[in-house]
Chemist: 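Have a look at the structure that comes next, please.
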Amino acid sequence: MPQRHSKNNNDLAYFTYDEKKKLGYGTQNERLGKDSIKPFDACSLCLKPFIDPMCCQKGHVFCKECILECLLSQKKQIQRKLAAHTSQLKQEQEEESEKLMLQKAQELDAFDQQNHGALPQYSDKNINRDRNNFHGANSVKTTSYEEEALRTMKAFWLPSATPDAPVKVNAPSTSTTCPEGNENLKMKSLFSIRFTKDTNDEKKHSGRDKSYICPSCKVTLTNTLSLVGLSTCGHVFCKKCANKFVAVDKVCLVCNKGCKERNLVNLVKGGTGFAGHGDNLEAKDFKHLGSGSGLGLVRPAMKT
């Protein structure tokens with residue numbers, strides 16, 4: 001008889017809290033840590049601190065070398081797909097012309113047979129007669145032992161017994177795309193961004209190698225702040241200063257270069273394959289008990 005205390009109390013008419021927890025009943029919340037979020041000063045491709053950062057119009061930041069190499073590889077892939085599509089069109093045209101020539105030859109052969117009464121007339125029934133002009137009773141010679149064995153073979157996984165499926169290559173898109181936002185992206189639409197480094201002596205001797213500040217309010221930039229970059233000059237501000245000063249005065253606070261409201265680009269930071277920035281970084285996993293099964297049925301995790 002089991003002991004009637006604590007976790008060993010398994011003869012009750014209802015589930016205890018520990019039994020529900022083991023079966024996965026209820027909702028489990030977990031706060032995502034720093035390791036789940038990409039830093040704002042990291043490249044979206046190599047996930048390392050960026051070198052010569054460049055930004056697209058949607059706010060995705062890349063290293064200059066990474067994004068140029070990515071766009072170049074996309075162009076090479078587009079050229080390969082275009083070459084394959086062109087060769088496929090050429091092959092289809094050759095097959096169509098060959099089919100027309102064969103059909104014309106068959107029509108001429110049928111016309112020749114019809115004019116000579118000694119030979120049987122051409123019809124679709126004897127179109128597949130033997131190549132050696134055997135027809136009628138001699139058509140049995142077209143059936144061989146190998147063809148009969150191949151037709152009755154049940155080993156469908158063998159390459160010899162597998163029918164060939166034509167691979168059709170569709171015409172590829174000729175425009176390169178952003179690896180993060182999947183929108184059309186060209187090299188000329190990229191612009192360089194410039195962060196203001198912190199020159200404070202106390203910050204230099206801290207554990208961080210580099211730290212950036214907002215050139216207006218001198219606040220250290222972190223993942224908790226929303227950042228805005230100017231596509232005209234590339235200077236980066238916190239969103240509060242950009243909306244309060246740059247958007248109103250329509251001029252950069254660092255270089256006094258004019259800008260418009262469309263030149264203010266919100267930089268996208270954070271967001272790995274697991275979590276996105278700007279949301280409540282809390283992972284929820286909803287679980288419930290199956291009816292009569294005694295097992296916990298798990299739904300896919302929901303990210304909010």
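Throughout, numbering of the chain's residues begins at 1 and tracks the sequence. Keep in mind that this is a model prediction, so the values were computed, not measured.
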Chemist: Hey, is the main chain of Val61 close enough, under 3.5 Å, to the side chain of Ser44 for a donor-acceptor pair?
Modeler: yes

Chemist: With a 4.5 Å cut-off on side-chain heavy atoms, are Lys240 and Cys217 touching?
Modeler: no

Chemist: Is the shortest heavy-atom distance from the side chain of Ile67 to the side chain of Cys178 under 4.5 Å?
Modeler: no

Chemist: Starting from Leu227, can I reach Val265 by hopping between I/L/V/M/F/W/Y residues whose side chains sit under 4.5 Å apart?
Modeler: yes

Chemist: Atom CD1 of residue position Ile51 - does it have more than 12 heavy atoms of other residues, nucleotides or ligands inside 6.0 Å?
Modeler: no

Chemist: Are Leu47 and Leu45 connected in the hydrophobic side-chain network, where two residues link if heavy atoms are under 4.5 Å apart?
Modeler: no

Chemist: Angle between ring planes, Phe195 versus Phe40, binned at 30° and 60°: parallel, tilted or perpendicular?
Modeler: tilted

Chemist: Looking at Glu95, I want to see if its CD is surrounded by more than 12 non-hydrogen atoms of other residues, nucleotides or ligands under 6.0 Å.
Modeler: yes

Chemist: How many angstroms lie between OH in Tyr212 and OG1 in Thr196, if you round to the nearest 0.5 Å?
Modeler: 10.0 Å

Chemist: What closest approach, in Å, do Cys233 and Arg194 show between heavy atoms, and which atom pair accounts for it?
Modeler: O-NH2, 3.0 Å

Chemist: Should the heavy atoms of other residues, nucleotides or ligands under 6.0 Å from CD of Glu65 be counted, would the total exceed 12?
Modeler: no

Chemist: For Ala42 and Phe50, which heavy atoms make the closest approach, and how far apart are they?
Modeler: N-CD2, 3.8 Å

Chemist: Can you name the closest pair of heavy atoms from His235 and Cys252 and give their distance?
Modeler: ND1-SG, 3.6 Å

Chemist: Which heavy atom in Cys56 sits nearest to a heavy atom in Glu183, and how many Å separate them?
Modeler: SG-OE2, 4.0 Å

Chemist: Rounded to the nearest 0.5 Å, how far does CG of Leu267 lie from SG of Cys238?
Modeler: 11.5 Å

Chemist: Between Thr176 (side chain) and Leu185 (backbone), is there a donor-acceptor pair under 3.5 Å?
Modeler: yes

Chemist: If I take atom SG from residue Cys70 and atom CD from residue Glu180, how far apart are they, to the nearest 0.5 angstrom?
Modeler: 9.5 Å

Chemist: I'd like to know if the side chain of Asn256 and the backbone of Val251 have a donor-acceptor N/O pair within less than 3.5 Å.
Modeler: no

Chemist: Count the heavy atoms of every other residue, nucleotide or ligand shown that sit under 6.0 Å from NZ of Lys250, and state whether that count exceeds 12.
Modeler: yes

Chemist: Enter the distance from Leu72:CG to Glu69:CD here, rounded to the nearest 0.5 Å.
Modeler: 8.0 Å

Chemist: Can you name the side-chain contact (heavy atoms from CB on, under 4.5 Å) partners of Leu82, sequence neighbours left out?
Modeler: Ile78, Pro172, Thr174

Chemist: Could you walk me through whether Lys239 and Asn266 pass side-chain contact (heavy atoms from CB on, under 4.5 Å), step by step?
Modeler: CA-CA 8 Å; Lys239 190 175 181 62; Asn266 295 321; 3.2 Å; yes

Chemist: Between Val268 and Lys58, is any pair of side-chain heavy atoms under 4.5 Å apart?
Modeler: no

Chemist: Please name all residues satisfying side-chain hydrogen bond (donor to acceptor under 3.5 Å, both in side chains) with Ser175, sequence neighbours left out, ordered by chain then number.
Modeler: Ser173, Asn184

Chemist: Has Glu261 got more than 12 heavy atoms of other residues, nucleotides or ligands less than 6.0 Å from its CD?
Modeler: no

Chemist: Any side-chain to backbone donor/acceptor pair from Lys257 onto Thr232? Under 3.5 Å, distance only.
Modeler: yes

Chemist: Testing the basics here: between Leu71 and Lys186, what is the closest heavy-atom pair and its distance to 0.1 Å?
Modeler: CD1-C, 4.5 Å

Chemist: Roughly how far, to the nearest 0.5 Å, is CD of Gln91 from CD of Glu98?
Modeler: 10.5 Å

Chemist: Mind listing the closest non-hydrogen atom pair of Val246 and Leu253 along with its distance?
Modeler: CG2-CG, 4.1 Å

Chemist: Within this structure, what is the CG-CZ distance for the pair Leu264 and Arg262, rounded to the nearest 0.5 Å?
Modeler: 11.5 Å

Chemist: Among residues at least two apart in sequence or on other chains, which ones pass salt bridge (Lys or Arg N to Asp or Glu O under 4.0 Å) with Glu92?
Modeler: Lys168

Chemist: Is there a path of hydrophobic side-chain contacts, each under 4.5 Å between heavy atoms of I/L/V/M/F/W/Y residues, joining Leu230 to Val254?
Modeler: yes

